[in-house]
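What you see below is based on every heavy atom in this structure, not just the backbone, and it leaves out hydrogens, waters and symmetry mates. In what follows, chains are A, B, ... by sequence order, proteins preceding strands, each numbered from 1.
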Amino acid sequence: MRQTTLSVALEVKPESYDHLSGLLDGLRDRRSRDPSGGKGPFADFLNLVPALHFLSLSVFPGFDYDPLFVIEANFDGRPGPFWNQLESAIGPDLRTMLRCCKRPLDNDGPLFDSITALDARAPIAPYLEARTLTPSVYHHGNRGMPRDRILAEGKLFLASRDELVSANVDGPNPYRRLSPVEIHARLRAALVPAFPWLEQPAPQRITLLENIGDWLRLIAFVLGTVLVLTIPGLILSLALPWERYLILLGVSFVIFALLLKKIGVALPGTAIQTSFSFLKLFVRLALPLVLFLLLYVLVAAAVLVPLALLLAGQSLDAAWYGMLVWLGWGLLSLPVMLAGLILWLRTLERGDSAQDAPPVDPRMLREMARREDWIPQNHMGSVVLIKPGMLRAIIIRVGHFGLGLLLRIIARQGYLGSMRTIHFAHWARVNNGSRLMFFSNFDQAWESYLDDFIEKAHAGLTLAWSCGVGFPPTRFLVKDGASHGRQFKEWARHSMTVSRFWYSAYKDLTADQIERNFRIAIGLRKRTLTPKEAAAWILDL
Amino acid sequence: MSALSSRDVLRPGPKGIKAWIQRLVFAAMPWFFSLLRRVKPVAKLSGMVLTSRYDDVREVFATDAAFGVVYKPKLDVIMGGQPFFLGMHDTPQYHADVAAMRKVVLPADLPMLAVQTEALAATIVDRAPGRIDVVDTLVRRVTFTVLSDYLGVPEPAGGDLRVWATRLFEFQFADGGNDPKLRADVDEIAPALRAHIQDEIDRRRADPGKDDVLARSLAMQAAGEPGYSDDQIRTSLMGFIVGGPPQPPMVVPQAMEQLLRRPAALAEAQAAARAGDDERLRRYVYEAMRFDPLAPGLPREVLTDWTIAKGTRHATTIPKGATVLAAFASAMMDPRRVANPRVFDPDRPASDYIHFGYGLHECFGRHINHATLHLMLKPLLVRPNLRRAAGAEGRLSKNGAFAERLVVEFD
């Protein structure tokens, strides 16, 4: 089942900021079914939106722009039906909130008018659809797990616990005497009547087609990036005799390398010790890299040869040979191009401003703290300004795109590296690409979540966020940066706003527990397990 | 034979090539609307504006200030000029009349109606000799018996309430061609039904009898509550009888036909029926109805120049006086708002369904339908080896907009 992450960011009339915040608080309080009768933290009424995993409604204040109203949604299936379900659940509330927003100056203005006019009845789903932002990077923790399946497997887990605990309560627990294979057989027999779906084959979380698509997209991205980076070299190789071309590349590389050596070291007080090393990474990847470059030459030649045939009228053999040689010359320029870009980046990084003590509104901080840690899950939303400049603009677009494709390959089945706490997270550019917005639905406390990131995924986090104004000092896009734990946390807090309205469809389940439930269910769907499989399977019980 | 004493609920339908063409047109309608949704979401066609997308249909139903109901002229014929809220725009009288009826048609009645519906359907199925016509023998009998008893409108002497109500329903909702023969029938039936209900009002005023909608209305009248004059009570009861019971015999057999076309769904619906899981069963029936709802759509009269789907690429201005068809059957198949519309999925959210309209004129009896429609099929579904009867009678036949016959067999 396809999962979708998206957001809608709408500028708010400054004078309506407080009113909109109040509306969100009111929605949250009014719909709560807290059995104590008080104002509970959750909006259970959204259980009526069957596609939904997580939803948040936030308003970001700001000095640089007018306030921003953001709807962040993570759900199953396509956006159209989801917007319809959401409108059915809270349409009148959303319409009132949209009336607090500014009329778009672009072509969506008339659509905005039609839904916000006095006594307007037109559906609001088309407007939300029109203003939907595509994430620049997103991560789905329990990828391929529809909400219904998560809930069903959660119930199965509880039922299995009941069965294990309550079997023969008056005497010795029979499960203690059984082998893993027997435990599986007995537990399965006990649970199948109440969970008939255990007799059906498990739906694939990631289909073969999806898997192939993920790999093809990543490979195409890397091949395309290499081709683009070699374009200057390809052009120069046509213009210069090969000897001069080689001399130019060699001299340029040496100059770039010397300059990099000079400015590559961390500025005083900004270095963080890390086990990460570009050299080690290069050595580890040397063989795959060579193979990949060969693949690049072959694929690029296959794509470009027909063009050469058309333009130059060569024979096929000559065209192939000429293309391979030309691409080879272009490839030689790749290290020079990379060195030049890194030098440019490093120069920018040395001049970047990093905030040592970003101001945090104490009232906002209290509000954020008040709404955190009610359940095992938490939510955060953040908006930062993006650093100016062409290279930054390219890096944030290409870097995020590539990171997104890479995450689809490496982050499957609940884990991002060794992190097991993220349900859904995404970045998106707002305000015409001048600000970067981040949303995350995660397990455990905010502090421990960021500590987890700082310890285990600081390189990726730095890559994704280093284009933010005020981010801790970075080196070569991935080093230092988020490793400045305290500074990074303060910067993150400073960029956050209160999650005024937040919904989770399975508020008792952590991302790790969902994977555990999945593994238990997969085992129970099988009629029999081998002793080895059963021994591994019972570890999750 | 006079229409008053006729026992033929449906008038003779077209035969031969005319009937064949009619069937062809009905069969092609989903594809036609699918095409419209894609290429011309707001299309002007032979004097009518067709809206086929979910958003636009909802907008038409919801914007009652611009899209009014078209029923008043024919309702005046049926009601003898007395206003009935179905024919009104968003006026204070509309709200007063609806509110008055909501005081006598109570949510607390629903469980009782559900029990009566299921019990009567079970009795009919039990007495059937292993085969039954779902349209007439089962659903029509159950609906008219239960609802006429609930409303307090008995069978007229020398007449058949099923015939009278269905004939008036056809005139009101399914007589696009203004058939003069049908009008002649209506001119006989409408005054007779009015007189019949008025007689019953007079009789029950003297002898209140059992607790039903009529008795409650008369009690309100006696207490001096506004909205319960004889004219108002008679008109409301007549509106309920004409607008209500003729519909389940159309839509419930259509749902049965859709289930019979899907053996897996039928088996699951049967399992729900056998397990006594009425809510689950209702979901199967509602989902089946989505594939063949009551009608392709409902007409609305444009009260003021209005731009529908304003701000979208298919925004269209419709002039005052035009008639718009809000094609809710098409809307429920719109993949832009309904997830996998071609898939039979009983777990759909309520927002996927517009069976009973939307907005001001959403069906007054929707809660009664919600409580009872699926229970009319339940006794049939619990029977083993439920199957179509052999031959043509085992497939749902229609007479114009009406379901005519669907015979099923069981052990």
Side-chain angles (χ1 to χ4, degrees), chain A residues 1-2 4 45-52 75-92 95 98 103-104 106-131 146-149 151-152 193-194 196-197 200, chain B residues 37 41-42 51 53-67 90 264 267-268 271-272 275 283 300 304 306-317 326 331-343 345-354 358-362:
Chain A
M1 162 73 82
R2 167 182 164 166
T4 304
F45 68 96
L46 281 185
N47 287 336
L48 298 173
V49 182
L52 195 55
F75 53 88
D76 295 322
R78 293 180 308 105
F82 164 71
W83 287 127
N84 182 35
Q85 292 173 21
L86 189 67
E87 183 174 359
S88 296
I90 53 170
R95 196 187 299 277
L98 293 175
R103 182 186 191 274
D106 60 12
N107 294 338
D108 292 334
L111 193 52
F112 178 82
D113 293 339
S114 75
I115 61 162
T116 55
L118 189 67
D119 202 28
R121 311 274 178 93
I124 59 174
Y127 182 70
L128 296 174
E129 208 165 41
R131 306 298 290 182
R147 167 177 145 162
D148 288 348
R149 185 171 179 180
L151 292 172
W197 49 267
Q200 296 160 7
Chain B
R37 283 197 303 269
V42 182
T51 55
R53 286 193 184 175
Y54 186 97
D55 290 341
D56 304 339
V57 168
R58 279 260 296 246
E59 184 181 347
V60 169
F61 281 139
T63 319
D64 41 81
F67 300 98
D90 189 2
E268 288 165 15
R283 286 181 164 276
R300 290 287 187 267
T304 177
W306 187 263
T307 302
I308 197 165
K310 188 181 169 192
T312 69
R313 273 188 282 182
H314 66 280
T316 309
T317 300
M332 290 192 286
M333 285 290 166
D334 185 354
R336 288 160 196 80
R337 294 286 173 258
V338 177
N340 303 315
R342 291 275 153 209
V343 174
D345 178 7
D347 294 319
R348 290 185 177 282
S351 55
D352 281 5
Y353 299 115
I354 324 179
Y358 182 80
L360 186 73
H361 282 284
E362 191 172 0

Chain A contact via [X] - which portion, at a heavy-atom distance below 4.5 Å:
X: B:Pro341; answer: neither
X: B:Asp334; answer: neither
X: B:Tyr54; answer: side chain

For B:Tyr353, check ring-ring contact (aromatic ring centres under 6.0 Å, His included) against everything at least two apart and list the hits.
B:His355
Taking only heavy atoms into account, what residues of residues 115-123 of chain A are found under 4.5 Å from chain B?
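Those residues of residues 115-123 of chain A which have a heavy atom under 4.5 Å from chain B are A:Arg121, A:Ala122, A:Pro123.
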Tell me if a side-chain donor or acceptor on B:Arg336 pairs with a main-chain N or O of A:Pro126 at a distance below 3.5 Å.
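It does not hold such a pair.
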For residues A:Asn84 and B:Asp352, determine if any side-chain heavy atom of one lies less than 4.5 Å from a side-chain heavy atom of the other.
yes
Taking all atoms of both residues into account, what is the closest heavy-atom pair of B:Lys310 and A:Leu111, and its distance?
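Shortest heavy-atom separation between B:Lys310 and A:Leu111 comes out as O-CD1, 3.2 Å.
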Between atom CZ of B:Arg337 and atom OG of A:Ser88, what is the distance when rounded to the nearest 0.5 Å?
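Taking CZ in B:Arg337 and OG in A:Ser88, the distance rounds to 10.5 Å.
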Output the distance between atom CG (A:Asn107) and atom OG1 (B:Thr312), rounded to the nearest 0.5 Å.
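A:Asn107 atom CG to B:Thr312 atom OG1 measures 12.0 Å (nearest 0.5 Å).
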Against chain B, label A:Pro50 side chain, backbone, both or neither, depending on which of its atoms sit under 4.5 Å from a heavy atom there.
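Contact with chain B: side chain only.
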